[in-house]
Amino acid sequence: ACDVAAMPVPPCPVHWFASAGPAPSRQAASVARLAQRWAERDATLHYHPVDGLPFWSASEQAECEALLAATASVFGGEQP
């Protein structure tokens, strides 16, 4: 297991996209605590819960349209 709160994070924005969480309210509370801890290190956590299938555990290739849309919404206007 990894203690994400102890991870070294640079002072920058971090976008967390989550789909198909087991307990959305519990996950949101955990994210809020993590955001507070990272804010002490000048990292800003943006949490983006999306509805969708857990595509990473699918036996066949699958796309999560809601995740793609949320990602495009956040990063669509940025230039590399």
Side-chain angles (χ1 to χ4, degrees):
C2 174
D3 181 3
V4 71
M7 278 179 28
V9 291
C12 68
V14 176
H15 292 270
W16 179 354
F17 296 87
S19 66
S25 61
R26 192 175 78 202
Q27 188 175 42
S30 296
V31 170
R33 287 191 303 274
L34 178 61
Q36 184 177 16
R37 290 187 68 184
W38 280 6
E40 295 167 1
R41 294 180 256 170
D42 295 323
T44 306
L45 178 59
H46 302 277
Y47 179 59
H48 307 277
V50 296
D51 291 326
L53 300 172
F55 62 90
W56 57 89
S57 64
S59 60
E60 295 184 22
Q61 187 174 10
E63 288 186 357
C64 179
E65 293 295 329
L67 181 58
L68 293 171
T71 304
S73 174
V74 171
F75 296 108
E78 292 186 10
Q79 298 296 318

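Residues meeting the side-chain contact (heavy atoms from CB on, under 4.5 Å) test with Q36, sequence neighbours left out: none. Listed by chain and residue number, L45 satisfy the side-chain contact (heavy atoms from CB on, under 4.5 Å) test with A35 (two or more places apart in sequence, or in another chain).
Ring-plane geometry between F75 and F17 is classed as tilted, the angle between the planes lying from 30 to 60 degrees on a 0 to 90 degree scale.
Minimum interatomic distance between R41 and P8 (heavy atoms only, all atoms of both residues): NH1-CA, 4.2 Å. In terms of heavy-atom proximity, V50 sits nearest to A66 at CG1-O, 3.9 Å. The two residues W38 and A5 make their nearest non-hydrogen contact at NE1-O, 3.9 Å. Closest approach of H48 to H15, counting heavy atoms only: NE2-ND1, 2.8 Å. For the pair P10 and A43, the tightest heavy-atom approach, listed with the atom from each and the gap, is O-CB, 3.6 Å.
Residues L68 and Y47 fall into different hydrophobic clusters, defined by Ile, Leu, Val, Met, Phe, Trp and Tyr side chains chained together at heavy-atom separations under 4.5 Å.
Of the possible donor and acceptor atoms, one in the side chain of T71 sits under 3.5 Å from a partner among the backbone N and O of L67.
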